[in-house]
Asker: 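Okay, handing you the structure first.
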Amino acid sequence: MSRISLIALLCLGWLASPLANAADQPDDEASIRQRLVHTILASGDEQQKSLNDLADHPSKLVNATLLAWTKSEIFIYETPNDGPKVPVTIEEQQNADGKSHAIRLDTGKPLTDDKGAPLSFDTNDLNPVDTEMRTMSAIGQVLDALALADPNATIRSDAAAKLGKSRKPQYIPIIQARLDKEKDGKVKKALRIALANLNLNNPDPVVKIKGINELSHLSAIGSLDDLRKLGSDANPEVATAAKAAVKSIEGYIQVVNFFGTIFRGMSLGSILLVVSLGLAITFGLMGIINMAHGEMIAIGAYTSYVVENVFTSGFTFHVNLPFSFFGKPMGFGLAIPGMHTVPGTPFYESYFLFVIPLAFIMSALAGLVLERAVIQFLYRRPLESLLATWGVSLCMQQSFRLVFGANNVQINSPRWLTGNFTFFDIIFGYNRIFVISFAILIVIGTWLLLTKTPLGLLIRAVMQNRDMAACMGVPTQRVNMLTFAFGSGLAGLAGAFLSQIGNVGPSMGQPLIVDSFMIVVVGGVGNIVGTIYASLGYGTADQVLQQVFNSPVVGKITVLIAIILFLQWKPGGLFPTRSRSLEG
Amino acid sequence: MRRKLTSFEAWGVLVFAVLAIVVLPFLNLIMDASYSVANFTDAPGLVAKLKAHSDPLSDFVWQQLSPDGQKDLAAPETTPERQKIILNETFNKIILTNLIYDDARFAGVTLSPETLKLKSEHPDNENLKWLNRLLMDDGYAQYLKKAHYTSLPNFLQVSNFSINLYGKYLCYAILAISVDILWGYTGLLSLGQCLFFSLGGYMIGMYLMRMIGTLGVYKLPIPDFLVFLGWHNLPDFWKPFSSFPFAVVMVLMLPGLLSLVFGFLAFRSRIRGVYFSILTQALTYAAMLLFFRNNILMGGNNGFTDYKFMLGYDVRLPSTQRGLYICTAVTLLLVYLLCKWLTTTKFGKIQRAIRDSENRLLFSGYATANYKLFIFVLSSLIAAVAGMLYTPQVGIINPSEMSPAKSIEAVVWVAIGGRGTLVGPVIGAIFVNALKSWATRAYPDLWLIILGLLFILVVLFMPKGLVGLFSQVRDLLKKKKIAPEPSKSEPVAIAKPTTTTTLPPQ
């Protein structure tokens, strides 16, 4: 090669290197400052070009300056006697007169007068730099392009997505350059999707098809609309490719929805499971229909509310009774001072760990009182236990209204229960995962209680034949009491979980009761395993049918009708209790 | 014991029937100060005087006319019938306002001695309406048939509001009877009777909605809610409901078919006791959810309301409400007699046998499923008829009438009144609803607690309800009377009386 061509190549290389290394090579601060000053003082197309050039020089200073520009925090100081215009920023610190020093943009040092003393200004003394629409949008794009190099991965992915949807082909080289350097898998995928999105707007059909296939391969759900529009493109090859891509992505969405539905069904089913377990125990082991079970759930949820309030600002309530006692108005109330912990601190975040045992205990106590006061007289009269507990349920609902108010109350979840993690676009909420795992623990705990402990043995004995067990010396009264308390405690736990997932109000238990009665009946009364299957099946079926019919109500109705028909086939439920009694 | 009760019961029923069917409506009639179309004997003359509105009273009346009314009365081609209707509506509106007497307004009018006497008493409420009525009568004496005021003591006054309320109570009483013949006599606790009640209400509601015609808000011949949903023509299944006989047939058919199918499926597989109750509760809950939806075109969560005409009578007039009340009372009597007769037949015996021990009956060779199905369908028909009478009196039917809570309320009435009797549900329904009307005004925050406590106490301590309270107290007193006295002689060991364990009731 001749020497001239070698020099020419070197020059080309020297010219091309900034483009290739644009994203990463740090320029020195002085040259950046010069560029910034040049950009601010320029106007029109010159300014636009200069702004776009800034995209190649990422630095914190450029970011900060451009942001300040958008907020009108950059001012122009016109040196007296027709001197040069100096772009400055105003310091935050104010001196006694309310004025502040100005910092020159080109040197980073305070603006001084001829003698070298720093000048002070009020913001009204100086003119801010012009901010017209074109400039603003150009600045926005530059900031977006700079965000591609941000250390935070989420910001990078979001920036990639935004640039991808901008339909500006000039971003392609920037994105490509970033892609070559990117190490994070998720951001890489976002960058590839962005590239493909930009390719969709390319007039060349081959490039379009390449973009379409890439999007299909990556299952880009966000590009579905654009692909659908391309499905009616003039070019037949492009149209078929786009249609195929749409189909493939829709299929992917269906799979995602399916698993999402299964997960939601399992979480709903696990809540129903905890509720129905309590009901199955009280119903199956004692023959008592407890219509107040829903209110036990509400007790658990309200306990969560009270504890959360005690951890922050305290809990008070006062109920005025509408009649007076010798002229003095009657009422009662309670005030618990708050501990004023701050959300985000570990102590506050742990409040839910206190709620779990407390909810169990409160509901168990309520169940105990209920059993001693009302239910112990109604053991052999199931229809009447239904009615009496309905009366209790009415009283309790109204008391909740009086104490907590008739509206739903708000409960803030601790940080470790909020949020979710996505796996292939399927959303797994942390609170639901927690509920499912805790439900599993509860089931195992109940099974252990019933099979491995002496109390469990007594409970099973009383369930099989109450009179015979009494003859053998089993203290049936005490067993009843403890079993009822345990069943109600389970309901309280379910309420505590529900407080993190759904609404908490005085009649929150009512819709759950109908569902859980159905589950208990389907699972076979008194049968724990049957209850587990029935509740999980019911939860999943409910969610699946919601998706199929696109309406929750029709889904619910179908499930109810299916249960009625199922009971034709198996009137005793999935696992009927085998007994020789005629009434069994 | 039973025989004595029967004659006591028969007298009670007779007294109640006379009171309800004859006395109360009569009291309401003489209390009613409103005009009816027949009062306007000379409509054209009255209209002419009003059109001229030369005297202050006519001026006042002319102002009270609606714009349509003024237009119609001003037009010469309006028929006397139409004039009477407009005058009736307007005059009724006038007497319902505050006292219309004004020295200036009634300057040229000579007041009758009756009017002057009533005016001097400064009446309020119902009697104020009477004063207004008498004043208007005096003002237009030659064009109207006058009414005469009878002064009644307060406790005998039955206002239009009261008669409407009593009509509602009696509909609930019919519903309670339908619950009782299932629960008290056959041992089947159905928590879904309100479903059939509401379906009956909905069927007649469809007829009433058709009868609104073009008088609705949108002034179109199809019901307002359909217009709101975007419909321009009547859907096909609404069309036959413009005929009253068809609506009545549907009132009986739809709940009847539903109960037939459900009962067949349930009783065939020997679903009993608690499972049956839970299933009926699920059924009514599912139906409530269904009726809340707008796309089945049954009014959505607002239901049907704003009724205007029924069989040509204006439903909003007090006279029509009185008529509906009398119909309800007569229906209650007929239902009671029917059920009473049923309990005296062999069918009634089988019913009670099913309640007491179904297995024994099965072994004796009776197909109990068929008997249960029959009584289930019969009770659903009774509930549907109750719903049919309920809707025009209350003026609205919506899906919340089907909620499980309402059905359980019906069971509460029967339990408090006394199940296993036919009088008990009637007494329970009237008592509890009257209590509710009082408590929701006096202690609205505590009403549900009162109801819940009442219910718990009745279930625990009064298993025979209010009707059996008398016999329960008597038994209690008898037990106290024959309690053994402590012996004062030497301390001989006295054998404790053995207590026999009674079999638990099922």
Side-chain angles (χ1 to χ4, degrees), chain A residues 283 287-289 291 319-323 373-374 377-399 401-402 507 510-511 513-515 517-518 520-521 525 551-554 556-561 563-565 567-573 582-583, chain B residues 183 187-189 191 262 265-266 268-275 277-279 281-287 289-290 292-293 295 357-360 362 403-405 408-409 411-412 414-415 442-461 463 503-506:
Chain A
F283 186 20
I288 294 287
I289 303 279
M291 292 293 237
V319 174
N320 283 321
L321 292 173
F323 33 86
V374 174
F377 306 111
L378 297 171
Y379 268 115
R380 291 184 200 273
R381 296 142 69 181
L383 295 180
E384 267 140 11
S385 72
L386 192 154
L387 300 177
T389 49
W390 175 257
V392 171
S393 150
L394 285 180
C395 289
M396 284 173 83
Q397 278 188 48
Q398 189 60 19
S399 341
R401 282 194 197 103
L402 287 176
S507 35
Q510 290 311 299
I513 281 302
V514 179
D515 289 340
F517 274 135
M518 296 262 76
V520 167
V521 166
V525 169
S551 126
V553 171
V554 178
K556 206 174 202 72
I557 295 174
T558 320
V559 173
L560 288 172
I561 294 181
I563 289 179
I564 293 177
L565 292 176
L567 286 174
Q568 299 300 306
W569 174 45
K570 277 189 173 288
L582 270 179
E583 306 298 324
Chain B
W183 184 30
L188 293 167
L189 177 61
L191 294 179
F262 177 76
L265 289 176
R268 192 179 73 106
S269 48
R270 305 270 175 92
I271 296 179
R272 318 175 183 174
V274 175
Y275 305 102
S277 312
I278 292 177
L279 276 187
Q281 187 190 38
L283 187 69
T284 188
Y285 183 68
L289 290 179
L290 185 67
F292 267 124
R293 296 179 64 70
N295 55 3
S357 176
E358 193 175 339
N359 285 318
R360 235 176 269 174
L362 278 170
S403 63
I408 300 189
E409 248 185 79
V411 174
V412 170
V414 174
Y443 301 115
D445 274 340
L446 294 184
W447 157 242
L448 282 176
I449 297 186
I450 296 174
L451 182 66
L453 281 175
L454 181 65
F455 202 30
I456 299 172
L457 291 172
V458 163
V459 168
L460 283 180
F461 300 119
L503 279 173
Q506 308 227 313

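Below, read A as the first sequence line, B as the second, and so on, with proteins coming before strands; counting in each chain starts at 1.
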Asker: To the nearest 0.5 Å, tell me how far B:Gln281 CD sits from A:Leu560 CG.
Answerer: 10.5 Å

Asker: Considering only heavy atoms, which portion of A:Met291 lies under 4.5 Å from any heavy atom of chain B: side chain, backbone, both, or neither?
Answerer: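 Answer is side chain: those atoms of A:Met291 sit under 4.5 Å from chain B.
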
Asker: Let's test your reading of the structure: which of B:Leu189, B:Leu279, B:Leu289, B:Ile408 forms the most heavy-atom pairs below 4.5 Å with chain A?
Answerer: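 Option with the top pair count is B:Ile408.
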
Asker: Specify which of A:Gly391, A:Ser393, A:Ala373 makes the most heavy-atom pairs with chain B at under 4.5 Å.
Answerer: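 Maximum pair count with chain B is reached by A:Gly391.
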
Asker: Kindly indicate whether the side chain of A:Leu394, heavy atoms from C-beta on, has any atom under 4.5 Å from the side chain of B:Leu453.
Answerer: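 SC-SC contact between A:Leu394 and B:Leu453 ruled out.
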
Asker: Rounded to the nearest 0.5 Å, what separates atom NZ in A:Lys556 from atom CG in B:Leu290?
Answerer: 14.0 Å

Asker: What residue in A:Lys570, A:Gln398, A:Gln510, A:Met396 has the most heavy-atom pairs under 4.5 Å with chain B?
Answerer: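 Of A:Lys570, A:Gln398, A:Gln510, A:Met396, A:Gln398 has the most heavy-atom pairs under 4.5 Å with chain B.
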
Asker: Count the heavy-atom pairs under 4.5 Å between each of A:Ile289, A:Leu387, A:Ile557 and chain B, then report the option with the highest count.
Answerer: A:Leu387

Asker: At a 4.5 Å cut-off on heavy atoms, which part of A:Leu378 comes close to chain B: side chain, backbone, both, or neither?
Answerer: side chain

Asker: Check whether B:Arg268 gets within reach of chain A through its side chain, its backbone, both or neither, counting any heavy atom under 4.5 Å.
Answerer: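 Answer is side chain: those atoms of B:Arg268 sit under 4.5 Å from chain A.
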
Asker: For B:Leu265 and A:Leu565: C-alpha separation, side-chain torsions, deciding distance, then whether side-chain contact (heavy atoms from CB on, under 4.5 Å) applies.
Answerer: CA-CA 8 Å; B:Leu265 289 176; A:Leu565 292 176; 4.1 Å; yes

Asker: Looking at every heavy atom in both A:Val521 and B:Tyr275, which two are closest together, and how far apart are they?
Answerer: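 That would be CG2-CD2, 3.8 Å.
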
Asker: Is it the side chain or the backbone of A:Val520 that comes within 4.5 Å of chain B heavy atoms, both, or neither?
Answerer: neither

Asker: With a 4.5 Å limit on heavy-atom distance, are the side chains of B:Ser269 and A:Trp569 in contact?
Answerer: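 B:Ser269 vs A:Trp569: side chains apart.
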
Asker: Where on B:Ile271 is there a heavy atom nearer than 4.5 Å to chain A: the side chain, the backbone, both, or neither?
Answerer: side chain

Asker: Enter the distance from B:Leu446:CG to A:Ser399:OG here, rounded to the nearest 0.5 Å.
Answerer: 9.5 Å

Asker: Working to the nearest 0.5 Å, report the span between CG of B:Leu451 and CH2 of A:Trp390.
Answerer: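 B:Leu451 CG to A:Trp390 CH2: 10.0 Å, rounded to 0.5 Å.
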
Asker: Could you go through A:Ile564 and B:Leu283, starting from their C-alpha distance and side-chain angles, then the distance that decides it, and tell me whether this counts as side-chain contact (heavy atoms from CB on, under 4.5 Å)?
Answerer: CA-CA 9 Å; A:Ile564 293 177; B:Leu283 187 69; 4.2 Å; yes

Asker: Which heavy-atom pair separates A:Val554 from B:Arg293 by the least distance, and what is that distance?
Answerer: CG2-NE, 4.2 Å

Asker: Does any heavy atom of chain A fall under 4.5 Å from the side chain of B:Leu454, the backbone, both, or neither of them?
Answerer: neither

Asker: Please step through side-chain contact (heavy atoms from CB on, under 4.5 Å) for the pair B:Leu448 and A:Arg401, ending with a clear verdict.
Answerer: CA-CA 11 Å; B:Leu448 282 176; A:Arg401 282 194 197 103; 3.5 Å; yes

Asker: What is the distance from atom CD1 of B:Ile456 to atom SG of A:Cys395, rounded to the nearest 0.5 Å?
Answerer: 4.5 Å

Asker: Let me know if B:Trp447 has heavy atoms under 4.5 Å from chain A in its side chain, its backbone, both or neither.
Answerer: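 For B:Trp447, there is no contact with chain A at all, as no heavy atom is under 4.5 Å.
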
Asker: Against chain B, label A:Leu567 side chain, backbone, both or neither, depending on which of its atoms sit under 4.5 Å from a heavy atom there.
Answerer: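 For A:Leu567, the contact with chain B is made by backbone and side chain together.
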
Asker: Measuring heavy-atom distances to chain A, does B:Phe292 have an atom under 4.5 Å in its side chain, in its backbone, in both, or in neither?
Answerer: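 Neither part; nothing is under 4.5 Å.
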
Asker: Among B:Gly452, B:Ala282, B:Ala415, which residue forms the greatest number of heavy-atom pairs with chain A at distances under 4.5 Å?
Answerer: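 When all of B:Gly452, B:Ala282, B:Ala415 are compared, B:Gly452 has the most.
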
Asker: Measure B:Ala266 against the heavy atoms of chain A and call it side chain, backbone, both or neither at under 4.5 Å.
Answerer: backbone

